[in-house]
Amino acid sequence: MFEYLPIAPPDSILGLSDAFAKDPRPGKINLTVGVYKTEEGSTPILATVKKAEIKLLNTENTKGYMPIEGHLEYLKAVVGLVFSDQLDHGRVAAAQTPGGTGALRVGADMVAKHFPGTRIWLSNPTWANHGSIFQAAGLDTPVYKYLSADKTSLDFSGMVENLERDGRPGDLVCLHACCHNPTGIDPSLEQWAQISDLFAKKKMIPFVDFAYQGFGDGLMEDAKPLYSLLAKNPEVIVCSSFSKNFGLYSERVGAVMLVSADASRTEAALSQIRQAIRCNYSNPPRHGASTVAIILNDATLRAEWNAEVDAMRNRISQMRSMFIDGMKKTGIDRDFSFLQRQKGMFSYSGLNSMQADWLKNERGIYIVGTGRINVAGMAPQTMETLCQSIADCIKATT
Ligand code: LMR
């Protein structure tokens with residue numbers, strides 16, 4: 001049977017990282033997958049994570065199975081981190097998942113099983129994996145307008161008109177709480193308030209991908225759009241990831257959280273999430289969640305972790321400024337200052353797939369074919385090479 005299997009195309013993001021790893025050129029630069037790098041170009045383990053792991057090594061006394069929904073102390077701490085005092089935590093049915101991707105899939109599976117035919121609206125563009133995850137679960141994925149024609153700002157009126165006209169009660173709408181992936185373009189708080197009103201009016205349900213908490217304006221600040229949605233909408237699904245803000249990429253730790261209109265619904269919601277998990281990966285891995293729980297439940301470690309997140313965010317912001325200045329210095333007739341208005345790891349550079357190929361083939365610089373660049377992968381010592389290569393690319397291809 002397996003002789004009939006065709007070769008699947010490489011993943012549009014992770015496939016490029018594989019190609020990068022095989023590239024023998026010494027000066028190569030990887031700005032593809034969303035992984036934070038230090039000035040020296042490494043992705044280190046956070047100091048707080050190391051400390052928590054040492055504590056874990058000394059205190060952990062079992063590798064027995066976890067409950068289906070995961071590590072209970074972790075879940076309590078995560079619900080606190082995400083929702084703060086904005087709602088009764090009893091309204092939240094939360095389960096630990098393997099990363100943010102696992103959270104999106106569990107949430108989608110649960111919805112697809114109980115509400116067949118549900119649609120989930122995706123921003124155009126969105127993270128390359130969103131469509132695949134939701135479609136694999138059986139949801140339809142219409143798209144709403146997001147990016148302006150010049151690709152540097154939000155087409156807010158287009159987005160609102162689109163959802164107002166074509167959205168139906170019971171539709172889910174996938175939103176990036178902060179640091180929109182791939183564009184780095186987020187609505188303002190005023191715009192979030194309007195989005196929230198629109199969903200309440202249309203009875204559409206926000207499905208919030210919260211993968212970059214702390215990378216936009218700060219851990220608490222980045223949750224404000226979510227609070228705006230919660231203020232008007234009784235039901236919300238939130239998917240958190242701790243790959244980025246704890247640097248726990250390969251530990252695969254996240255959470256799916258279903259907010260119901262009142263706490264009496266939570267038990268049923270959790271029981272259905274448990275079922276979705278049980279027939280998928282049965283119960284989650286322990287290590288990443290134990291690590292996060294130790295940090296969030298220890299005031300000193302938590303404060304230290306906050307500072308580590310602040311430092312990562314500030315470095316990304318510095319790289320944005322340095323890149324804009326570097327591009328100016330090349331003398332190229334293109335303004336990249338829009339990058340400073342964008343948030344998080346990613347920006348749309350405005351480069352096209354042909355230019356992405358040129359950069360890869362001619363200079364060993366890897367960016368995603370859509371023009372998305374991982375700003376968090378930039379470093380001062382390679383900035384001049386990067387900017388000059390992009391300028392050369394633009395000259396050679398336009
Ligand atoms: C990205 O968009 O690069 C990250 O979210 C990593 C991934 O899995 O694609």
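Each residue takes its place number in the sequence, starting with 1. Source: prediction; values computed, not measured. Counting starts at 1 for both ligands and their atoms, following the listed order.
- A search for side-chain hydrogen bond (donor to acceptor under 3.5 Å, both in side chains) contacts involving Ser196 returns Asn233, not counting sequence neighbours.
- A salt bridge between Asp325 and Lys329 is absent, with no side-chain N of the basic residue lying under 4.0 Å from a carboxylate O of the acidic one.
- Between Trp127 and ligand 1, at least one N/O pair is under 3.5 Å apart.
- Not a single heavy atom of Met345 sits less than 4.0 Å from an atom of ligand 1.
- Here Lys51 does not pair with Asp298 in a salt bridge; the nearest charged N to carboxylate O distance is not below 4.0 Å.
- Considering all non-hydrogen atoms of both residues, His180 and Ser123 come closest at NE2-OG, 3.0 Å.
- With a 4.0 Å heavy-atom cut-off, ligand 1 is reached by the side chain of Tyr212 but not by its N, CA, C or O.
- At a heavy-atom cutoff of 4.0 Å, ligand 1 is contacted by no atom of Val35, backbone or side chain.
- Looking at Val33 next to ligand 1, no N or O pair under 3.5 Å apart turns up.
- Contacts with ligand 1 closer than 4.0 Å are made by side-chain heavy atoms of Lys244 only, the backbone lying farther away.
- Under the salt bridge (charged side-chain N to carboxylate O under 4.0 Å, His left out) criterion, Glu164 pairs with Lys201, not counting sequence neighbours.
- The minimum heavy-atom distance between Ser349 and Ile367, with the atom names listed, is OG-CD1, 4.3 Å.
- Taking every heavy atom of Phe346 and a limit of under 4.0 angstrom, the matching atoms of ligand 1 come to 1 (C), 2 (O), 3 (O).
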